[in-house]
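Worksheet: one structure, shown below.
Quick note on labels: first sequence line is chain A, next is B, and so on, each numbered from 1.
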Amino acid sequence: MIKAQRGTKDILNDEIPTWQWILENAKNVFQNAGFSEIKTPIFEATELFQRGVGDSTDIVNKEMYTFSVGGADKNSSSITLRPENTAGVVRAYIEHNLNRQSPPQKFWYFGPMFRYERPQAGRQRQFHQIGVEMFGINEPAADAEVILSAVEFLKSIGLGNLEVELNSLGCPKCKNDYRNSIKEVLAPYLDDMCDDCKMRYEKNPLRMLDCKNENCQKIFEKEEVKKVIFNDYICDECKTHFNTLLSYLDELNIKYQRNKLLVRGLDYYNRTVFEIKSSALGSQSAVCGGGRYDGLVEMLGGVPTPAVGFAMGVERLFSLVEKKEVSKLDYYIVSTNTKEALKLAQKLRSQNKKVEFDMQGRKFSKQLEKASKCANYAVILGEDEIEKGFYSVKDLNCGEQRKIENFSDLL
RNA sequence: GCGGGUGUCGCCAAGUGGUUAAGGCCCCGGAUUGUGGUUCCGGUAUUCAUGGGUUCGAUCCCCAUUACCCGCCCCA
C-alpha cells in the first residue's frame, strides 16, 4: 500500500471544520487590520532561501527540500520547497516594485511549508503557517500593529491567554558591538562549550545564548558573562524604539515578558523579536515567532525598506484550539423517487441550503434514520406529496411533522 | 543526526507458544414492504505493521526494516 510520506498527513473531514474556522478567523482579523492576502509560489529559487533565511541556519543547512530540475546548469535550475514564507513575500515585494506604492504594504498569508526534520509532536515535514508581513514603516507602531494582530487573532480562536516574549536585538551597529563583547567574554570558556556553540561562536554568536546544553547554560550563569548578556547594549535609538513599543503594548493591555535570551534562529532579524508560547504543547512550545527584519529587502536586492512580520504554526494552533463539529444539513430529502429528490435538492441548494438525499433508493426507514443523524429537517417526498404537490417536513430534533404547501415556505 | 517507547478490524481495545483471534463504538442488513434517534437479532480481521529466523507449531520469543509517538537538536 502506498502511504503518505513521513511527516505529512491527510486532513480529513473530521478536522476540516476546525481548519476552516481557524482560517476564517485569520481572514477576519487580518483583513480588519488592513492586511491583504498574498499567495506566493510553494517553490522558489534555492538561492532566495540561502540568502534570505541565512546560510548559517539549520533550516538552510540541513532541512531544505531542494531539487535540481531541468538542464545541466545545476545552479540556475536549483529550486527549493519553501521552508518559510518571509523570503518569498519579500521577493514578491521587490519583484512587483511595491516600494513605489505608499507605505505601509501589509500582507497576510496561509499555506504549506516544508522542512526535512524528524517528525515529532507539533513538528511535521509539511506543515502550515499563517503569517503577516508589513513593509515600509520604521516607527514602533508597526511592531505594535503586528504584535497586536497576532494577539487579536489568537484571541479570536480562544487562545487569548498565551505568553508573549519579547526582546530587542538592536540595529546592525549595536548588534555587532554586542556580538563582539559576547565573543570577548566567552572566549576563555570556549573549550568547555558544546560543538554547536563553537560553530556559532564563529558564525552567529548571538545564537549561542539559546543553547540548551547544560554546560553552556552554566557558563552563561557566570557573573561576568551574565553582566555582558544582560547589559543594555543597544544604542539609544534602538532603546527608544523598543521602549516606545513596550509602552504601546502596555496601553493595549498586552501582557509580555522581556526575555534577553530570545534570539531566534533566522538570520534576518534585527531590533524587535518576539515569540508566543504555550506550555500545553510539550517541547515544541512556540506557536508564533516573528520580529523586525529591516535589512532583508535590501539584502535580496530591493531598495532599503524596513519590515516586520510573524508566522504561526497552524498544526500547533490546531492542537490547542477547541474542535469544531461538522455542521448538520438543513434538509435531508427522504424519497424513493430519485428524480424528484434530485430536483428538490437542486432547488433548495440554489437557495443556499445544505441538502442531501439518498442516492441508492433505500427503503424509507433507512433514509429517515440517515436523516436523523445528519440533518435538522427531513423533507418527505412520497407518492402522495408528489401527486398532490406538497411537502411533509419533519423536525428531526422534536419529531414534529408539518404539511407545507409552497416551496417558499420551506425556506 | 542521536536516544527511548509503541504497532491486534475505520476507531477504542482484550488476548495467549498450540485445532474457531474477546468485547465496545461506527458501519451494513433484518425485525418494521411510508416515519428515525430506544430496543432486539444478524453481518463485517483466513489475520495480529512488513520481511526473515527459532520451533513440530507463533499474533504472542529473536533479528532486521518501516511507521507513529516521546525526548535531544531546531523551529512555527
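With the 3.5 Å cutoff on both pairing distances, Watson-Crick and G-U pairs in RNA chain B assemble into runs of at least 3 at B:1-7 with B:66-72, B:10-12 with B:23-25, B:27-31 with B:39-43, B:49-53 with B:61-65.
Heavy-atom distances under 4.0 Å link RNA chain B to no residue of residues 24-46 of chain A. A heavy atom closer than 4.0 Å to some atom of RNA chain B occurs in A:R115, A:E117, these being the qualifying members of residues 104-117 of chain A. Residues from residues 312-329 of chain A with heavy atoms under 4.0 angstrom of RNA chain B, sorted by number: A:G313, A:R316. Near RNA chain B, defined here as any heavy-atom distance below 4.0 Å, the residues from residues 373-383 of chain A are A:K373, A:I380, A:G382, A:E383, listed numerically.
Across the protein-nucleic acid pair, A:I276 atom CD1 and B:C75 atom C1' stand 15 Å apart, rounded to whole Å. Rounded to an integer number of Å, the gap from A:R125 CZ to B:C69 C1' is 15 Å.
For the C1' atoms, the distance linking B:G15 with B:G71 amounts to 31 Å, nearest Å. Rounded to whole Å, the separation between the P atoms of B:C62 and B:U47 comes to 24 Å. B:G5 sits 12 Å from B:C63 when the P atoms are compared, rounded to a whole Å. Rounded to a whole angstrom, the distance from the P atom of B:C41 to that of B:U35 is 23 Å. Annotation: B:U6 and B:G37 have their C1' atoms spaced 39 Å apart (nearest Å). With P as the reference atom, B:U59 and B:A22 are 15 Å apart, rounded to whole Å.
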What pairs of nitrogen or oxygen atoms, one from the protein and one from nucleotides 30-33 of chain B, lie under 3.5 Å apart?
from  : atom 1 : to     : atom 2 : distance (Å)
B:A31 : OP2    : A:K363 : NZ     : 3.1

Taking only N/O atoms, report every protein-nucleotides 65-68 of chain B pair under 3.5 Å with atom names and distance.
from  : atom 1 : to   : atom 2 : distance (Å)
B:C68 : OP1    : A:G7 : N      : 3.2
B:C68 : OP2    : A:R6 : NE     : 2.7

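Using a 4.0 Å heavy-atom cutoff across all strands shown, A:G399 reaches at least one base atom of the nucleic acid. If you check every strand for non-hydrogen atoms under 4.0 Å, A:Q367 touches nothing. A:I130 comes within 4.0 angstrom of nothing in the nucleic acid, heavy atoms only. When heavy atoms are screened at a 4.0 angstrom cut-off, A:A371 is found touching no nucleic acid atom at all.
By the salt bridge (charged side-chain N to carboxylate O under 4.0 Å, His left out) test, A:K366 is found to be paired with A:E369, residues two or more places apart in sequence or in another chain being considered. With sequence neighbours excluded, the residues satisfying side-chain contact (heavy atoms from CB on, under 4.5 Å) with A:V273 are A:N167, A:L169, A:L262, A:R264, A:Y269. For A:R362, the salt bridge (charged side-chain N to carboxylate O under 4.0 Å, His left out) partners at least two apart in sequence or on another chain are A:D358. Under the rule for a salt bridge (charged side-chain N to carboxylate O under 4.0 Å, His left out), A:K324 has no partner lying at least two apart in sequence or in another chain.
Both tests hold for A:K183 against A:Y201: distance to the six-membered ring centre under 6.0 Å, angle to the ring axis within 45°. Within the cation-pi definition used here (under 6.0 Å to the ring centroid, within 45° of the axis), A:K39 does not qualify as a partner of A:F107. In this structure, A:R82 forms no cation-pi arrangement with A:F43, as its terminal cationic atom is not both closer than 6.0 Å to the ring centre and no more than 45° off the ring axis.
Here the nucleotide nearest the side chain of A:E385, chosen from B:G34, B:C75, B:G37, is B:G34.
With RNA chain B read from its 5' end, the first of the two nearest nucleotides for A:R123 and A:L368 is the one closest to A:L368. A residue-by-residue look at A:C288 and A:C398 shows that A:C398 has its nearest nucleotide of RNA chain B further toward the 5' end.
Counting distance only, with no hydrogens placed and no angle test, the side-chain atoms of A:Q401 and the base atoms of B:U35 include a donor-acceptor pair under 3.5 Å.
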Residues 392-411 of chain A side chain polar contacts: donor-acceptor under 3.5 Å, at least two apart:
from   : atom 1 : to     : atom 2 : distance (Å)
A:S392 : OG     : A:E385 : OE2    : 2.7
A:D395 : OD1    : A:N397 : N      : 2.8
A:D395 : OD1    : A:C398 : N      : 3.4

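Panel note: side chain A:K323, backbone A:F318; a donor-acceptor pair is recorded below 3.5 Å.
When each of A:Q124, A:E315, A:E15 is paired with A:K9, the side chain to side chain donor-acceptor pair (under 3.5 Å) condition holds for A:E15 and for no other.
The shortest distance between the side-chain N/O atoms of A:R362 and the OP1/OP2 oxygens of B:C28 is below 4.0 Å.
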